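When a residue number appears, it is its place in the shown sequence, counting from 1. This one's a predicted model, so the numbers in the text were calculated from it and none came from an experiment.
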Amino acid sequence: MDRLKPARPPRRAIALLALTLGAALAAATPGLVHAQASSSLDSCPARIPLLRIATVSGDESYTSHPAESRFSSTHYARLAHMPLFGVDPLESKIDPGYGVAESWTYLPGATGMQVKIRKGLTFNDGSPVTVEDVVFSIEATASKFADTQISGTLRGIGIKAKALDDATVEISFSQGSPTFDLEMSPMVFPLYITSKAYHSNGDISQESFDKFRSNPLAGGPYRIVARQTQQFITLEAARKDPLLGCPVYSRIEIRNVPETATRMNQLRTGQQDIITGSRELVDQAKRAGATVASRPDANVIGFYFFHTDKPENVFNKEGPRKAAAYAIDHKLLGETIFGGVGLQTWGCTWPPPTEISIQNPRYKKACGTAYPYDPAKSKALLAAAGFGPGKGPNIKLEYSMSYPEEGALAEAMEPMLKAVGFNVQIERTDLAERNRRRMAGIHANSILFFGPGGRVTALAGVHSVYGPTQGWGPKHDPDVVAAIDRASRAGSLDDYTNAIADVGELVHDRAYGPGFFSSGALFFLRKGIPDWGVSKSVGRGPLNLSGLATKR
């Protein structure tokens, strides 16, 4: 477990810290010394002592470094870090009142923007947020030490930042990016701001990232006080935040509990307040007094074929990719595993249904047309690729438990694929192993499926999943590379949606990511925990907590 090391607060705060939080909280949690001095909570209402959450988070790193936060981290990372571009607590729209950027203006052709920084913001140690911090945070988030999805996006855009004065940062793009504010907000993949001086005095290296992660500086109403990769993260109330306001809870504990029965038992016995739910337990949850909340389109179910540029990969050719897609009876999966509830048919696993390009008819047609179940066609495609009866290719069906139904989906898909001639091995992997395989280029002969959805703009995911520099995409396909390039340098929203429509058509028609359907995610809320708007939130994170855990 990471026990976060004590920070070195400014001299003006040492006496106050010692008299208020330091001694009392260190005694309450032996061996854990808090990382930051907090602003006064005296004007805040009395806090609820504890919020406990059990989720299914197979891809969760539970990092305390803002540049390493994955899209699934947004449900808690926003509580401890300040985004450059703010959104309302339900993450339903851009709202400058909740971010470091007070206002911003795009340059002609969307080749950059000028951003005005809100005055008076501070990090949790009392130091001011400056334009130098914004420039540094952009550079750090674009580095190879940051999460690959957001860093790949920033590098794909060709981003550079410089301070024009003490309140203005100019961000330039080597190519156009008319959706940059949306893409870099909590609605998609937030760009968080951290202190240049505290982090490393400008050094960007693995050593400085590791040092900050073990001794983080918060910039929100909560601070991260303990964590363990793929296990848990713990936050504690830190201050009355200038953006989100007062923390509602004194302590928030979020744990990865992949076993459905364990989560349900913990909810029934009062050990958890909110859990990731499952459809077969809805009636049981209601009998226990829980509220059932649904997050629409949270999971997009379909296939990803990665490292298709490698000639030894059976999925290097279009025929075997389509054979696998036609082998899946997605209607049966939806009816049996998801009960037919909250499903929407889709034709590409990604981008998901909330993408703004849905307004483009070409995108809607391509990504709205699922591959039908056609085992005869599947067998014919395999035979045409040289895999006749009894000579099917050996493949892996890989999943990581990003949502509770993944194991059941793998078990149901296996016999469907075997029935048409594939020799299938099911394998569950964690994030670290998946990333190792990704960067080593060894996802050949593998089908992956996973699917947190809710993305408003697609660019970050397009670069990560299908882009030529991130280790997964069909970099051998010049049409895909060119379409992503057009999306990255779009000078207008029309240019962007047309480019994403091109990506959608290619992903669907060439079966790089054939989709089947999207489904809503369920959460069970213990009696007394309000539904603060789970079904209304459209942000990227699986469970946005800002509306529940903070109050202005």
- Item | Beyond-backbone contact of Ile275 with Met264, side-chain heavy atoms, under 4.5 angstrom | yes

- Message: Within the structure provided, determine whether Ser151 and Ser143 are in side-chain contact (heavy-atom separation under 4.5 Å).
- Response: no

- Using atom types as modelled and distance alone, determine if a side-chain donor or acceptor of Arg263 lies under 3.5 Å from a backbone N or O of Pro258. yes

- Message: Donor-acceptor pair, distance only, cut-off 3.5 Å: does the side chain of Thr276 make one with the backbone of Leu522?
- Response: no

- Query: About how many Å separate CG of Leu79 and OG of Ser546, when rounded to the nearest 0.5 Å?
  - Reply: 5.0 Å

- Task: Answer yes or no: is there a donor N or O on one side and an acceptor on the other, between the side chain of Arg155 and the main chain of Ala142, under 3.5 Å?
- Result: yes

- Check for a donor-acceptor pair, side chain of Ser205 on one end and backbone N or O of Ser208 on the other, with a separation under 3.5 Å. yes

- Message: To check you understand the geometry: which heavy-atom pair defines the closest contact between Trp532 and Asn544, and what is its length?
- Response: NE1-O, 2.8 Å

- Could you go through the side-chain contact (heavy atoms from CB on, under 4.5 Å) check for Tyr62 and Ile254 one step at a time? CA-CA 9 Å; Tyr62 288 129; Ile254 303 172; 4.0 Å; yes

- Qualifying residues under side chain to side chain donor-acceptor pair (under 3.5 Å), relative to Glu405, sequence neighbours excluded: Arg279

- Test applied, side-chain contact (heavy atoms from CB on, under 4.5 Å); reference residue, Phe145; option that passes from Glu207, His65, Gln206: Gln206

- Evaluate the side-chain contact (heavy atoms from CB on, under 4.5 Å) criterion for residues Ile204 and Phe209: first the C-alpha distance (whole Å), next the side-chain angles of each, then the deciding distance (0.1 Å), finally the verdict. CA-CA 7 Å; Ile204 299 174; Phe209 266 59; 4.2 Å; yes

- Query: How many angstroms lie between OG in Ser519 and CD1 in Ile301, if you round to the nearest 0.5 Å?
  - Reply: 4.5 Å

- Query: How close do Lys196 and Glu132 get, heavy atom to heavy atom, and via which atoms?
  - Reply: CD-O, 4.1 Å

- Within-4.5 Å side-chain heavy-atom neighbours: Val56 and Glu406: no

- Taking atom types as modelled and ignoring hydrogens, do the side chains of Thr550 and Arg78 form a donor-acceptor contact shorter than 3.5 angstrom? no

- Item | Main-chain N/O of Ile138 paired to Thr141 side chain as donor or acceptor, under 3.5 Å | no

- Message: Which residue in the set Ile274, Ile233, Leu548 passes side-chain contact (heavy atoms from CB on, under 4.5 Å) when paired with Ile53?
- Response: Ile274

- Task: Using distance alone, with no hydrogens and no angle criterion, decide if Thr229 and Arg227 have a side-chain donor and acceptor under 3.5 Å apart.
- Result: yes

- Item | side-chain contact (heavy atoms from CB on, under 4.5 Å) between Leu191 and Phe85, worked out | CA-CA 8 Å; Leu191 198 165; Phe85 301 109; 5.8 Å; no

- Message: Keeping Asp147 on the side-chain end and Ser69 on the backbone end, is there a donor-acceptor pair under 3.5 Å?
- Response: no

- Ser357 side chain to Glu355 side chain, donor-acceptor N/O pair below 3.5 angstrom: yes

- Report yes if some heavy atom in the side chain of Val129 is under 4.5 Å from a heavy atom in the side chain of Phe123; otherwise report no. yes

- Do we get Arg552 above Tyr98's six-membered ring, with its NZ or CZ under 6.0 Å from the centre and within 45° of the axis? yes

- Begin with the C-alpha distance, continue with both residues' side-chain angles, and end with the deciding distance and a verdict on side-chain contact (heavy atoms from CB on, under 4.5 Å) for Lys116 and Thr168. CA-CA 5 Å; Lys116 291 292 183 181; Thr168 312; 2.7 Å; yes

- Item | Nearest-0.5 Å distance that lies between atom OG1 in Thr122 and atom CG in Asp241 | 8.0 Å

- Closest heavy-atom pair, Ile224 versus Ser64, reported as atoms and distance to 0.1 Å, is CD1-CA, 3.7 Å

- Task: Please answer whether the main-chain N or O of Ala549 pairs with a side-chain N or O of Tyr222 as donor and acceptor at a distance below 3.5 Å.
- Result: yes

- Message: Check the orientation of Phe306 and Tyr466. Use parallel for under 30°, tilted for 30 to 60°, and perpendicular for over 60°.
- Response: perpendicular

- Message: Going by side chain to side chain donor-acceptor pair (under 3.5 Å), name the residues that satisfy it together with Arg52, two or more places apart in sequence or in a different chain.
- Response: Asp273

- Heavy atoms only: give me the nearest Val100-Met82 pair and the separation to one decimal. CG2-CB, 3.9 Å

- Message: Is a donor from one side chain sitting under 3.5 angstrom from an acceptor on the other, for Asp133 and Thr130?
- Response: yes

- Item | Atom pair OG (Ser174) and NZ (Lys160), whose distance is rounded to the nearest 0.5 Å | 8.0 Å

- Minimal heavy-atom distance between Ala237 and Arg47, with the atoms involved, is CB-CD, 3.8 Å

- Should Val115 and Val134 count as side-chain neighbours, where that means a heavy-atom distance under 4.5 Å? no

- Measure across Pro186 and Val87 and return the closest heavy-atom pair with its distance rounded to 0.1 Å. CB-CG2, 3.7 Å

- Message: Taking the ring of Phe180 and the ring of Phe173, is the distance between their centroids below 6.0 Å?
- Response: yes

- Query: Looking at CD1 of Ile193 and CZ of Phe136, how far apart are the two atoms once the value is rounded to the nearest 0.5 Å?
  - Reply: 10.5 Å

- Less than 4.5 Å apart, any side-chain heavy atom of Ser185 and any of Ile94? yes

- Query: Side chains of Thr429 and Glu398: is there a donor and an acceptor less than 3.5 Å apart?
  - Reply: yes

- Can you check whether Arg251 reaches Thr234 side chain to side chain, under 4.5 Å on heavy atoms? yes

- Is there a side-chain contact between Phe189 and Thr153, using heavy atoms and a 4.5 Å cut-off? no

- side chain to side chain donor-acceptor pair (under 3.5 Å) with Trp104: which residues, sequence neighbours excluded? Asp181

- Message: Could you measure the distance from the CZ atom of Arg436 to the NE2 atom of His443? Nearest 0.5 Å is fine.
- Response: 9.0 Å

